[in-house]
Trainee: 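One structure coming up, written as structure tokens, with questions to follow.
Naming: A, B, ... by sequence-line order, numbering from 1 per chain. Note: hydrogens, waters and symmetry copies are ignored here, and every other heavy atom, side chains too, is used.
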Amino acid sequence: MAQWSEQLLIGKQMKAFFTLVFIILSSSSYAEEQAEQLFNQLKPSLYQIKLIDIASGEKSSIGSGFQISDDGIIATNYHVISSYALHPKKYRIEYLDHQGNKGDVSLQSVDVINDLALVRRDTEQDMPYFQLSESTPKNGEQLFSLGNPHDLGMIVVPGTYNGLKKESFNDRIHFTGSINSGMSGGPVVNKQAKVVGVNVATSGNAIGFLVPHDKLINLYQAFLKSAPESIEKQMAEQLMASQNKLITTILNSPWQAKQLGENGIIPIIDVPFIRCWGDSNTDKTDALILTAVANCSLDENTYISSRFFTGTMEIEFRTMQAKDIGANKFYHLYQQQISRAGAGNRANKENVTEYQCHHDLVMPDNQAITNKSIFCTRAYKKFPDLFDVLYLSASIDQETQALVSHFTIAGVNQENALAFTRKFMEAVSWK
Amino acid sequence: MEIKSLKVDFDETKAIIIEEISRNHKLLHRHRLSQPQIHIGRDYHNDIILADPHICPNHLSIQLLDEQWKITDNQSINGSFIENIKEKKHAADQHIINDGDVITLGKSQLRILFSDHSVEPTVAFSPFESFINLMRHPMALLLSVTLFTLIAGAVFYLNTPTEVNFSQLLVPTIGMVLGFALWPAGVALVSHLNKHDARVMAQLGISFAFFNLMWFSDLLEGISTFNSASGSIIPLLVMFSSIALTFSLFWLNSYIGFHMSARRRIIVAASITMLLFGGSYLIQYSNKPEFNPRPQYDATIMMPSFLLAPSTSVDEFIKESSTLFDKTKKEALKK
């Protein structure tokens with residue numbers, strides 16, 4: 001797989017990466033001067049956000065945050081405070097301002113899909129705060145990312161706006177600039193010191209990703225209208241709405257029939273946020289079975305906790321053609337290939353049930369293929385009516401060739417899962 | 001002369017049977033004596049000579065007096081004791097013998113039976129006997145072992161993902177045949193150690209015939225699993241047939257190797273079967289993680305010639321799959 005892994009900018013281990021930050025800071029003296037001016041101006045409204053484990057009294061994760069109202073509302077990433085959102089009795093959230101003052105903050109609202117959270121600190125008088133921009137930046141515009149990487153103190157990192165990430169279902173700004181662990185939840189501002197995004201992830205080599213500021217504006221305005229009655233319920237509603245939007249978009253997008261191997265017909269869903277990769281073993285002369293694989297997946301997921309991700313989707317097709325072996329041996333080896341399918345997302349006992357499966361021999365109405373199809377699902381424990389599903393189908397009607405179709409979707413409701421399954425089953429066939 | 005006349009006068013209906021038995025009451029030797037006085041001991045004057053070093057040279061004698069047999073212990077060093085179902089173990093001196101009494105002397109035991117002791121009814125040859133005789137025939141045995149070897153070789157061949165030549169298959173196949181031969185050989189050894197006839201050929205013949213039947217039942221199980229949807233009972237029935245086969249094998253093994261009552265044989269065979277299947281289930285169960293993030297599904301597929309069942313429609317499959325959502329949701333609500 002040629003996918004890169006995006007790291008969430010959460011600072012759990014304190015490693016010193018001074019060099020990287022200083023190289024960027026000294027790369028342009030003009031930028032440095034401007035950055036310093038901005039930094040001094042914005043410093044009072046910047047915070048380090050710490051999650052303190054109550055039993056041990058020590059911090060369990062750190063991130064950054066910034067104040068967005070005069071009455072103490074601070075914006076940060078959901079993943080910075082996720083442990084608190086799921087286990088409010090185990091943790092408390094603490095802020096640390098630029099003068100070293102500490103205090104507790106309370107969780108007000110979250111947007112789990114866009115990885116945002118609002119917390120509130122107590123204020124005695126009106127305080128300075130960040131202005132949210134009214135416009136989106138232009139491509140190539142210089143931006144400044146603020147945050148506290150690896151617990152080293154507040155820094156400012158200049159970088160460039162490079163538009164929205166094209167393959168992303170949920171908008172993310174592609175920011176060229178070095179953002180690191182611990183800067184999560186920190187603001188990214190333009191030259192006018194107005195917030196245009198929130199640090200969220202990096203894939204290394206100065207490629208960073210930001211949540212666009214309009215997501216924060218939506219969350220804040222919804223919060224001003226009415227605060228959520230419970231964070232868990234709010235998350236459940238957001239996950240439900242997000243999967244609805246995703247599956248509806250996919251079901252209403254064109255599914256193009258494409259040939260795989262010599263005789264397989266598979267659907268390729270024509271949406272930019274599902275990207276496909278291919279591989280085959282035609283270079284291996286001693287292989288007993290010629291295999292071609294097409295692998296498509298959603299390039300993002302939704303972070304619920306470090307042990308539970310959802311919102312993923314993977315689709316895999318595989319054709320196999322026997323070379324110099326009989327049908328019996330071909331099917332023995334073929335069975336080994338399909339016997340170990342697993343979930344597409346990480347999840348544990350606390351969050352999901354075990355899978356339950358159904359299997360049968362299935363022929364779609366077009367009668368173009370006979371499959372052994374397996375459908376498995378597991379339910380979410382905290383978010384009712386959401387499930388992970390897994391489907392695996394193996395053709396059983398050809399002597400020495402096979403077509404395997406497989407997908408997993410995480411965090412989907414019953415209706416959408418079955419609608420997708422039906423469409424998928426009818427789209428796979430022999431030529 | 002007197003002794004001679006005594007022998008002549010001896011009433012044959014009073015003949016006595018003395019059995020040397022092992023500690024677990026297995027018969028070692030049997031003596032039938034027609035004389036009114038019998039001497040038992042270690043030296044060579046005795047009528048019954050026992051080699052046990054704890055027995056005195058002239059240990060005890062039994063005499064027919066007034067139609068009754070009476071034991072006289074000749075002041076033996078380790079004594080003689082009587083044991084029967086009616087009484088507790090006690091000293092044997094001056095004891096009037098009943099039919100079936102067991103005398104313990106030294107570390108040996110003797111069982112006394114009168115000639116009118118009733119015996120068990122004759123056991124007719126069971127139909128298994130002819131089957132066993134067929135299977136132990138060298139040709140039949142050769143045939144079963146060859147069939148087993150061929151099947152084992154084919155299974156190795158079918159499951160190897162790379163190209164293999166004949167000699168690469170030969171070693172694991174022969175290893176497997178020898179491994180499976182350990183079971184009948186072991187049973188034969190145990191029955192030999194228990195003073196039974198070893199009957200190695202019969203054990204081998206029966207075992208390999210059954211191993212071949214088990215391959216066949218495996219194939220049937222595969223075909224039925226492949227052709228049925230989840231929740232079908234046919235694979236379960238086929239699995240029961242393989243349990244029944246295993247039970248039959250163990251039953252026949254014990255039939256060939258050991259003399260025991262029919263009830264006991266069933267209990268023994270059932271226990272070993274339970275141990276085998278229950279044990280493997282227990283091992284699986286104890287290796288099961290507390291939470292399995294992987295789905296457990298049946299991936300059995302076979303080549304199209306084994307496809308016998310009709311396929312269902314997508315509608316039907318979706319309908320059946322939709323029931324899983326309620327099931328897992330219920331599971332999720334359980335804390």
Side-chain angles (χ1 to χ4, degrees), chain A residues 286 288-289 324 326-336 338-343 346-349 352-365 370-381 384-385 387 390-392 394 396-399 402 414 417-418 421-422 425-426, chain B residues 154-164 219 222 225-232 235 288-335:
Chain A
D286 61 341
L288 297 178
I289 295 175
D324 310 327
N328 204 350
K329 174 148 187 171
F330 175 66
Y331 270 82
H332 267 82
L333 301 182
Y334 176 19
Q335 180 175 331
Q336 292 171 9
I338 61 158
S339 55
R340 286 189 58 78
R346 190 192 299 176
N348 62 1
K349 189 179 191 291
V352 292
T353 64
E354 291 197 335
Y355 276 107
Q356 295 206 23
C357 300
H358 171 69
H359 69 82
D360 207 344
L361 305 172
V362 185
M363 184 193 277
D365 292 340
T370 308
N371 283 320
K372 167 151 184 166
S373 300
I374 298 152
F375 183 90
C376 303
T377 185
R378 60 181 181 193
Y380 285 16
K381 289 183 174 173
D385 297 317
F387 302 85
L390 178 148
Y391 169 84
L392 176 69
I396 45 163
D397 52 355
Q398 304 286 320
E399 290 281 329
Q414 177 175 348
L418 293 177
T421 308
R422 177 188 294 277
M425 286 177 86
E426 279 159 358
Chain B
V155 168
F156 278 121
Y157 166 74
L158 290 175
N159 285 309
T160 318
T162 50
E163 238 167 300
V164 278
L219 178 70
T225 319
F226 173 54
N227 280 290
S228 53
S230 43
S232 162
K288 205 177 149 202
E290 195 200 359
F291 169 76
N292 195 344
R294 287 183 164 277
Q296 301 295 302
Y297 57 87
D298 172 76
T300 312
I301 47 173
M302 288 180 147
M303 56 181 180
S305 354
F306 289 115
L307 179 59
L308 309 169
S311 314
T312 58
S313 63
V314 172
D315 284 336
E316 188 63 26
F317 182 76
I318 296 280
K319 204 179 116 201
E320 287 293 326
S321 298
S322 68
T323 61
L324 298 174
F325 290 91
D326 285 337
K327 278 191 215 160
T328 53
K329 204 173 149 185
K330 249 179 225 150
E331 195 68 30
L333 292 173
K334 263 191 250 162
K335 282 288 160 177

Trainee: Evaluate the side-chain proximity of T353(A) to K334(B): yes if any heavy-atom separation is below 4.5 Å, no if none is.
Mentor: no
Trainee: If you define the side chain from C-beta out and look only at heavy atoms, does anything of L158(B) sit under 4.5 Å from N328(A)?
Mentor: yes
Trainee: With a 4.5 angstrom heavy-atom cut-off, is it the side chain or the backbone of K349(A) that approaches chain B, or both, or neither?
Mentor: both
Trainee: For R346(A), which residues count as a side chain to side chain donor-acceptor pair (under 3.5 Å) partner, sequence neighbours excluded?
Mentor: none
Trainee: Could you label the plane-to-plane angle of the F375(A) and F325(B) rings as parallel, tilted or perpendicular, counting under 30° as parallel and over 60° as perpendicular?
Mentor: tilted
Trainee: Would H358(A) and S321(B) satisfy side-chain hydrogen bond (donor to acceptor under 3.5 Å, both in side chains), going step by step from the backbone distance to the final call?
Mentor: CA-CA 6 Å; H358(A) 171 69; S321(B) 298; 4.8 Å; no
Trainee: Only pairs of heavy atoms separated by less than 4.5 Å count here; which of A402(A), S373(A), C376(A) has the most with chain B?
Mentor: S373(A)
Trainee: Is I301(B) in contact with chain A via its backbone, its side chain, both, or neither, using a 4.5 Å heavy-atom distance?
Mentor: both
Trainee: Looking only at heavy atoms, which two atoms of Y380(A) and A332(B) are closest? And how far apart?
Mentor: O-CB, 3.7 Å
Trainee: Measuring only between side-chain heavy atoms, which start at C-beta, is E320(B) closer than 4.5 Å to D360(A)?
Mentor: no
Trainee: Out of A341(A), G326(A), A347(A), P384(A), return the one with the most heavy atom pairs under 4.5 angstrom to chain B.
Mentor: A341(A)
Trainee: For a 4.5 angstrom cut-off between non-hydrogen side-chain atoms, does E354(A) reach Q296(B)?
Mentor: no
Trainee: Kindly write out the residues that satisfy side chain to side chain contact (heavy atoms under 4.5 Å, CB included) with S322(B), not counting sequence neighbours, or none if the list is empty.
Mentor: Q414(A), L418(A)
